[in-house]
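Computed from heavy atoms alone, side chains included, the values below leave out hydrogens, waters and symmetry copies. By convention here, the first residue in the shown sequence is residue 1.
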Amino acid sequence: MTDISTSDATGRRNPVAAPGPRTAADAVTPQLVARLVRGVVAGEQPTKGVSRSPFTGEVLAEIPESTPEDVATAFARARAAQRAWAERSFAERAGVLLRFHDRILADQADLLDLIQAETGKTRAHAFEEVSVTAIEARHYARMGAKYLRPRRRVGVLPTLTQVTEVRHAKGVIGQISPWNYPLALFAGDAVPAFMAGNAVVTKPDTQTALTALRTRELIIEAGLPAELWQIVVGDGPVVGPEVVDRADYVSFTGSTRTGRDVAQRAAARLVGASMELGGKNAMLVLADADLDKAAEGAVRACFSSAGQLCVSIERLYVAREVADAFLERFAARTSALRLGNTLGWGADMGSLVSQRQLDTVTAHVEEAVCNGARVLAGGRARPDVGPLFYEPTILDGVDAASAVCTQETFGPVVSVYRFDSEDEAVAQANSTPYGLNSSVWSRSAAHGRRIAQRLHSGTVNVNEGYAAAYGSVAAPMGGMGDSGVGRRHGSEGILKYTEPQNIAVQRLVPMAPSFGMDDQGYAALLTRALGAMRTLRLK
Ligand code: NAD
């Protein structure tokens with residue numbers, strides 16, 4: 001590890017990790033790109049977008065772009081393949097998911113290279129994507145049949161009315177995903193859609209299309225019919241609406257601003273949509289927290305994937321009596337994080353993904369500092385490490401008018417606020433329109449749980465930043481308020497991809513007067529029957 005020790009205003013500067021064995025260009029060879037881009041549905045002479053290495057700014061790949069006609073072709077192919085797939089047994093579909101699980105674990109080196117090359121994140125953060133995708137594949141393979149199988153329900157006239165709830169695949173899911181978790185968001189949301197018998201047409205972000213294309217290859221090798229998963233690429237505002245306009249259900253992950261447009265477009269067609277959107281996530285360090293563990297956890301929660309993680313923490317509320325002791329620990333750990341700009345293990349934080357991200361982060365920090373914030377760690381771009389690197393940054397004394405206080409930065413920047421009472425901390429944590437993820441630190445799990453239930457947030461992690469809830473895929477995960485609609489994971493993460501159907505068989509007597517009874521007599525009989533059902537505690 002090389003330590004660049006020039007000091008800044010805070011007296012510290014993040015060191016640079018020893019270079020890994022390879023660069024992004026070593027991993028993304030022209031041969032690999034030529035093979036992978038064949039997976040994009042595009043014409044003979046397509047226009048091309050580019051994916052650049054965030055580590056160096058060099059062009060990694062030119063990616064063919066899909067026209068509206070290509071999107072129509074993708075949907076037609078997916079629709080044709082879906083019918084046969086929906087006929088396959090749960091066991092056959094589960095088998096594909098389990099083999100996919102094995103493939104992504106076995107071929108992880110390959111995937112980790114691509115994720116690092118396209119996103120600029122560290123290998124450890126890329127591995128989070130591999131592991132959560134494997135967990136999701138295993139979960140829906142093992143639980144899919146249970147979630148989806150026909151269920152008997154109590155009929156209007158018990159035993160005389162036999163009701164079965166049946167789940168049908170929606171058809172073709174239109175999936176639009178961002179660049180920040182290109183494997184986990186791309187595959188993780190498609191896996192339950194496939195288990196439920198759907199086809200999927202995905203528009204990944206051009207910047208991370210290669211990871212998506214490689215992932216598709218792996219699941220096809222695991223037995224998914226190739227036509228069942230179509231990939232279209234191109235400008236979001238051009239290709240995205242084409243996907244929304246043809247989908248039987250829309251699975252969108254991205255910013256709240258784009259999500260509103262996509263939701264309106266889906267609503268106009270009367271198709272359902274799940275919206276996984278932005279956040280301004282809060283962490284509460286209560287007075288009874290273990291401060292070393294909380295500081296360690298805060299580093300992971302704020303700076304994983306350089307803060308370009310939807311569930312990452314950007315607001316930190318600390319009990320006043322422990323604030324100085326906590327901040328000393330947190331700032332020391334943050335300043336020691338090693339920045340990494342090559343492929344391989346060993347670095348603690350990578351690059352931002354694009355100039356747009358760097359501009360937002362820079363603007364948020366500069367404005368906060370202009371308004372009087374103090375920089376406890378970081379606070380600067382690091383062009384000496386790579387064109388898009390920014391140090392992990394802690395701001396104290398942020399003015400409420402600063403954008404960093406309320407708007408999503410989506411970068412390695414956290415603002416610290418002190419609180420005098422837990423009521424105040426809860427009110428502050430709940431003070432934005434978002435509600436994606438929160439974190440609470442206390443030595444008492446029961447205390448942590450009580451505070452958690454008061455937070456307006458789809459997931460709350462107690463004594464962890466985000467990974468406990470994110471990785472626990474048996475329970476739903478998603479956003480309240482401006483952070484989204486619908487959930488991924490658990491039963492909701494798969495049932496959203498189905499149409500429920502109620503099949504009711506009436507036996508022996510009709511749902512009408514019979515045996516010479518008139519309407520009045522029938523009403524009197526039903527009145528007695530309803531009273532009896534209540535007495536018998538029928539549901
Ligand atoms: P974005 O909204 O700009 O883009 C997301 C996707 O939508 C991209 O594929 C983009 O090409 C496409 N798109 C853009 N305009 C479109 C349009 N008009 N119609 C249809 N599609 C369109 O978001 P981003 O900057 O790529 O991603 C970062 C954002 O995503 C952050 O706000 C982050 O919090 C959020 N995010 C949320 C989750 C979650 O699970 N809640 C997960 C990851 C990221």
Side-chain angles (χ1 to χ4, degrees), residues 1-4 14-37 50-63 103-134 178-187 204-218 300 303-309 337-355 357-358 382-392 412:
M1 183 178 79
T2 326
D3 188 351
I4 298 173
N14 287 92
V16 182
R22 276 160 315 122
T23 65
D26 294 333
V28 183
T29 62
Q31 295 79 358
L32 177 68
V33 173
R35 191 188 84 216
L36 290 179
V37 298
V50 291
S51 163
R52 285 180 188 277
S53 162
F55 289 139
T56 60
E58 70 199 315
V59 172
L60 279 177
E62 291 194 334
I63 316 283
R103 285 306 305 270
I104 53 174
L105 291 181
D107 285 354
Q108 61 174 273
D110 187 11
L111 273 174
L112 294 175
D113 280 351
L114 273 175
I115 296 170
Q116 278 205 278
E118 288 192 312
T119 64
K121 65 176 75 176
T122 66
R123 209 159 187 83
H125 299 151
F127 180 74
E128 283 186 356
E129 299 208 45
V130 169
S131 61
V132 79
T133 306
W179 44 262
N180 68 321
Y181 269 60
L183 167 65
L185 298 175
F186 171 78
D205 195 287
T206 306
Q207 172 61 30
T208 49
L210 296 178
T211 302
L213 290 161
R214 176 64 188 138
T215 307
R216 177 174 173 269
E217 277 189 352
L218 288 173
R300 284 198 310 278
F303 306 124
S304 284
S305 291
Q308 300 169 115
L309 165 63
L337 292 178
R338 294 160 303 167
L339 305 179
N341 58 8
T342 49
L343 306 190
W345 302 96
D348 301 313
M349 200 185 93
S351 176
L352 293 169
V353 78
S354 64
Q355 188 62 43
Q357 289 295 113
L358 180 61
R382 287 293 296 270
D384 57 308
V385 188
L388 304 174
F389 275 80
Y390 200 95
E391 288 182 337

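Between S305 and N180, every side-chain heavy-atom pair lies at or beyond the 4.5 Å cut-off. Residues F186 and T215 have side chains in contact (heavy-atom distance under 4.5 Å, counting atoms from C-beta outward). Residues T119 and H125 form no side-chain contact, since every pair of their non-hydrogen atoms from C-beta on lies 4.5 Å or further apart. Residues L114 and V28 have side chains in contact (heavy-atom distance under 4.5 Å, counting atoms from C-beta outward). The closest side-chain heavy-atom distance from P182 to Q207 is not below 4.5 Å. With contacts defined as side-chain heavy-atom distances shorter than 4.5 Å, the pair T133/Y181 does not qualify.
Here the side chain of D348 pairs a donor or acceptor atom with the backbone of R338 at under 3.5 angstrom. When atom types are taken as modelled, the side chain of R123 and the backbone of A109 share a donor-acceptor pair closer than 3.5 angstrom. Not one N or O on the side chain of N14 forms a donor-acceptor pair closer than 3.5 Å with the backbone of E391.
The two residues L352 and A306 come nearest to each other via the heavy atoms CD2-O, 4.0 Å. Across all non-hydrogen atoms, the minimal contact from L183 to L111 is CD2-CD1, 4.2 Å. The heavy-atom pair separating L60 from A25 by the smallest distance is CD2-N, 4.4 Å. Between A24 and A117 the shortest heavy-atom distance is CB-CB, 3.7 Å. Of all non-hydrogen atoms in A209 and E118, the two that sit nearest each other are N-OE2, 3.6 Å. Between V385 and N341, the shortest heavy-atom distance links the atoms O-ND2, 2.8 Å.
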Practice problem: Could you please spell out the steps behind the side chain to side chain contact (heavy atoms under 4.5 Å, CB included) verdict for T23 and D26? | Solution: CA-CA 5 Å; T23 65; D26 294 333; 3.2 Å; yes

Quiz item: When you look at F303 and L337, which way does the side chain to side chain contact (heavy atoms under 4.5 Å, CB included) test go after all the steps?
Solution: CA-CA 9 Å; F303 306 124; L337 292 178; 3.8 Å; yes

Practice problem: Apply the test side chain to side chain contact (heavy atoms under 4.5 Å, CB included) to residues V353 and T208: give CA-CA distance (whole Å), side-chain angles for both, the deciding distance (0.1 Å), then the verdict. | Solution: CA-CA 10 Å; V353 78; T208 49; 5.7 Å; no

Self-check item: Verdict with reasoning, E128 to S304, per side chain to side chain contact (heavy atoms under 4.5 Å, CB included)
Solution: CA-CA 10 Å; E128 283 186 356; S304 284; 4.2 Å; yes

Quiz item: Would Q357 and Y390 satisfy side chain to side chain donor-acceptor pair (under 3.5 Å), going step by step from the backbone distance to the final call?
Solution: CA-CA 10 Å; Q357 289 295 113; Y390 200 95; over 6 Å; no

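Atom CG of residue L36 and atom CZ of residue R216 lie 10.5 Å apart, to the nearest 0.5 angstrom. Note: L213 CG to L32 CG = 9.5 Å, rounded to the nearest 0.5 Å. Taking CG from L343 and CD1 from I115, the interatomic distance works out to 11.5 Å, rounded to the nearest 0.5 Å. R214 CZ to D110 CG: the interatomic distance, rounded to the nearest 0.5 Å, is 4.5 Å. In this structure, CZ in R22 is found 10.0 Å from OG1 in T342, a value given to the nearest 0.5 Å. Separating the OG1 atom in T122 from the CZ atom in F127 is a distance of 12.0 Å, to the nearest 0.5 Å.
If you run side chain to side chain donor-acceptor pair (under 3.5 Å) between K121 and each of Q116, Q308, E129, only E129 comes through.
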